[in-house]
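Below: the structure, in structure tokens.
So that the names make sense, note that chain A is the first sequence line, chain B the second, and so on, each numbered from 1. Values below: all heavy atoms of this structure, side chains included; hydrogens, waters and symmetry mates excluded.
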Amino acid sequence: MSQTLQAVRGMNDILPDEAEFWELFEDTVRSWLKAYGYRPIRLPIVEPTPLFKRAIGEVTDIVEKEMYSFIDSLNGEPLTLRPEGTAGCVRAAIQHNLAAQQPRRLYYLGQMFRHERPQKGRYRQFHQVGVEALGFAGPDIDAEMILMGARLWADLGLDGIELQINSLGQPEERAQHRAALIAYFEEHAELLDEDAKRRLYTNPLRILDTKNPALQDMCAAAPKLIDYLGDESLAHFEGVQRVLRDAGIPYTINPRLVRGLDYYNLTVFEWVTDKLGAQGTVCAGGRYDGLVGQLGGKATPACGFAMGVERLIALIRESGGEPAAPAPDVYIVHQGDAASRLAFRAAEGLRDQGLNVLLHCGGGSFKSQMKKADGSGATFAVVIGDDEAATGEAQLKFLREEGGAQRKLRVDDLAGAIIEQLIDSEDEEE
RNA sequence: GCGGCAUUAGCUCAGUCGGUAGAGCACUGGAUUGUGAUUCCAGGUGUCACCGGUUCGAUCCCGGUAUGUCGCCCCA
């Protein structure tokens, strides 16, 4: 294995077997999004670096140490490979006034980049489906987004994905809580470990997430954000929960659920599985009412979430999902110049009728060609040799049974015969 | 970014107490010079991840690097 000809660490090739599986996944996702009225938006992978600093927050891990940022050597512009999708989506919405007249439901799908240490479910280039709703203020859209998740898991045949929700309140409520929290931790400074000390003034909420057992009792008694929420925030949170209860969606309120990005307020939620090891969050999001204004747009309430495609696909695999390799309807076997010319004509004629056709290329004996025909999974083989070519005919052989029947037909009659038999066998299956 | 474990054929893996390596699957050809999946026969397709050290000799021992993996961190 040469060291120079390798993909960049943490950036994976998705080979055909896997890629077909991805396409099936994407088909499911697109029709699911359509069912909720979401429309696609396609955004650049590269954005100006300041966009992410302003949107995500200067002191977050993402911005501090995980972004692929560089200076465009041709014009000196600071650019960054997008580490998440919301910032770019909001930038586009502001630039094109998307939410000015009416609320918008938008989605996108594509790669994101973060320079983290690769691990299962965590790669440097990874893919997300992002879903954003701009211009909706009430808890109804938050709740609908959560219901969407539940439906998608069902559509994908997944279970055991658990919902956690929390409310971060409004910035001023968070600020009060944060001050109280820092004061509380300062009182217990002698208990704090190095990690906690590092975060004390940058991201004290994260201390609550500690896995250090020595800190957990102290954290359990720390000031709770929910006690700092005002009536409006509490009502919003209750509004979300009422829809969840009506829909019969089980959830747990996780007061320690904090987002890694600064722009969230009010509702935050996460869908988590315990089947993927350390990277168990497959979908997460929340409300970000301040972001549009913060990025220079007219104040617009907003809510969104993102799903990790690699993680969901790993989970589908974990649950026994296997891609059914798509097989052609027909494999055309041929030998000799005249036969080859007739084979091309036959292949295009069959494709005209909507059939999927693999035309054998590369020569070889009938025997080896028949092996490839079988290996392709095709339902039929069409065999054309000198004899058939002389009369404009072809042998049509059914491959999906032992010693499959074979009959000679005019090339122009192949499509009709094949389609007829395909329909018959579909009827039998039903 | 930190720590543990791993890396042998296209794939899944075995093996060599240090003497340059094997199985299954897959693949190629043949068993009827025009027919597959079954069966039989033949074929190894490999820088034993890379670089260096120890040694008469290293795939094996040691060090470094790369990549993967598990956990930490972080997060989708």
Candidates B/C73, B/A76, B/G34 - which lies nearest the side chain of A/Q119: B/C73
Step-by-step ring-ring contact (aromatic ring centres under 6.0 Å, His included) determination, A/Y263 to A/Y288: CA-CA 6 Å; A/Y263 51 63; A/Y288 50 93; 5.6 Å; yes
Report yes if at least one side-chain N or O of A/R9 is closer than 4.0 Å to OP1 or OP2 of B/U67; otherwise report no. yes
For A/E84 and A/F52 the tightest heavy-atom approach is O-CE2, 4.0 Å
Length of the NE2-P vector between A/H115 and B/C75, whole Å: 16 Å
Using atom C1' of each nucleotide, how far apart are B/G10 and B/U45 to the nearest Å? 9 Å
Using the P atom on both, measure B/G34 against B/G29 and round to a whole Å. 15 Å
So, is A/K120 near the phosphate of B/C70, with a side-chain N or O under 4.0 Å from OP1 or OP2? yes
How is A/G10 classified with respect to the nucleic acid when contacts are heavy atoms under 4.0 Å: base, sugar-phosphate, or nothing? sugar-phosphate
What nucleic acid atoms does A/Q335 come within less than 4.0 Å of, heavy atoms only: base, sugar-phosphate, or nothing? nothing
Contact class for A/V282 vs. all strands (heavy atom < 4.0 Å): base, sugar-phosphate, or nothing? sugar-phosphate
Pairwise 5' ranking along RNA chain B for A/G404 and A/R124, keeping only the more 5' one: A/R124
Please report, rounded to the nearest Å, how far the C1' atom of B/C72 is from the CD atom of A/E116. 13 Å
Mind calculating the distance between CD (A/E401) and C1' (B/U38) to the nearest angstrom? 15 Å
Euclidean distance for C1', B/G22 against B/G63 (whole angstrom): 30 Å
Interatomic distance at C1', B/C56 relative to B/A49, whole Å: 27 Å
Pairwise C1' distance for B/U7 and B/G15, with rounding to whole Å: 16 Å
What does the list of N/O pairs under 3.5 Å between the protein and nucleotides 3-7 of chain B look like, with a distance for each?
residue : atom : partner : partner atom : Å
B/G3    : O6   : A/R117  : NH2          : 3.2

Value in whole Å for how far the P atom of B/A37 lies from CD of A/Q406: 15 Å
Rounded to whole Å, CD of A/E66 lies from C1' of B/C2 at a distance of 15 Å
If you measure from the Lys or Arg side-chain nitrogens to the Asp or Glu carboxylate oxygens, is any gap between A/D61 and A/K65 under 4.0 Å? yes
Nearest-angstrom distance, P atom, B/C11 to B/G1: 28 Å
Both distances under 3.5 Å, Watson-Crick or G-U wobble: report the partner of B/G57, or none. none
Checking all strands, does A/E270 fall into the base, sugar-phosphate, or nothing category for heavy-atom contacts under 4.0 angstrom? nothing
Under 4.0 Å, counting only non-hydrogen atoms across every strand here, what does A/G121 touch: a base, just sugar-phosphate, or nothing? base
Before accepting this row, confirm whether a basic side-chain N of the pair A/R105/A/E144 lies closer than 4.0 Å to the acidic partner's carboxylate O. yes
Assigned partner base of B/U32, Watson-Crick or wobble definition, under 3.5 Å: none
So do the side chains of A/M370 and A/V333 get within less than 4.5 Å of each other, counting heavy atoms only? yes
Scanning both residues in full, the closest heavy-atom pair of A/H177 with A/P223 reads NE2-O, 2.9 Å
Could you state the CE-C1' distance from A/M370 to B/G30, rounded to the nearest angstrom? 18 Å
When both distances are under 3.5 Å in a Watson-Crick or G-U wobble arrangement, the nucleotide paired with B/G44 is none
Hey, which sits more toward the 5' end of RNA chain B by its nearest nucleotide, A/R122 or A/W271? A/R122
With rounding to the closest Å, how many angstrom separate the P atoms on B/G19 and B/A58? 11 Å
Strictly by Watson-Crick or wobble contacts shorter than 3.5 Å, is anything paired with B/U20, and which nucleotide is it? none
Which part of the nucleic acid, if any, lies within reach of A/K65 when heavy atoms closer than 4.0 Å are counted: base, sugar-phosphate only, or nothing? nothing
Between B/A26 and A/K371, is there an OP1 or OP2 to side-chain N/O distance shorter than 4.0 Å? no
From B/A76, B/G68, B/C72, pick the nucleotide closest to the side chain of A/R114? B/A76
Could you let me know what B/A6 is paired to, Watson-Crick or G-U wobble, both distances under 3.5 Å, or none if it's on its own? B/U67
Would you please test A/R174 and A/Q170 for side chain to side chain donor-acceptor pair (under 3.5 Å) and show each step? CA-CA 6 Å; A/R174 271 163 88 182; A/Q170 298 296 1; over 6 Å; no
Between atom NZ in A/K372 and atom P in B/A26, what is the gap in whole Å? 15 Å
By the 4.0 Å heavy-atom rule, please label A/E388 as base, sugar-phosphate, or nothing. base
Taking only the side-chain heavy atoms of A/K397 (C-beta and beyond), determine which of B/C75, B/G34, B/U35 contains the nearest atom. B/U35
Which part of the nucleic acid, if any, lies within reach of A/Q395 when heavy atoms closer than 4.0 Å are counted: base, sugar-phosphate only, or nothing? base
A/A373 near the nucleic acid: base, sugar-phosphate alone, or nothing, with a heavy-atom cut-off under 4.0 Å? nothing
Rounding to the closest angstrom, what is the interatomic distance between B/U67 and B/G57 at atom C1'? 29 Å
Please determine if A/R400 and A/D374 form a salt bridge, counting it only when a charged side-chain N lies under 4.0 Å from a carboxylate O. yes
Atom CE of A/M11 and atom P of B/U67 are separated, to the nearest Å, by 11 Å
Is the count of non-hydrogen atoms from other residues, nucleotides or ligands lying under 6.0 Å from A/K34 atom NZ greater than 12? no
Within the structure shown, what part of the strands sits under 4.0 Å from A/F126 by heavy-atom distance: base, sugar-phosphate, or nothing? base
Among B/U35, B/C73, B/A76, which nucleotide has an atom closest to any side-chain atom of A/A306? B/A76
Would you indicate which nucleotide in B/A76, B/U35, B/C73 comes nearest to any side-chain atom of A/A284? B/A76
Between A/Y331 and A/F380, does the ring centre distance come in under 6.0 Å? no
Face-on cation placement of A/R311 at A/F126 ring, 6.0 Å and 45° thresholds: no
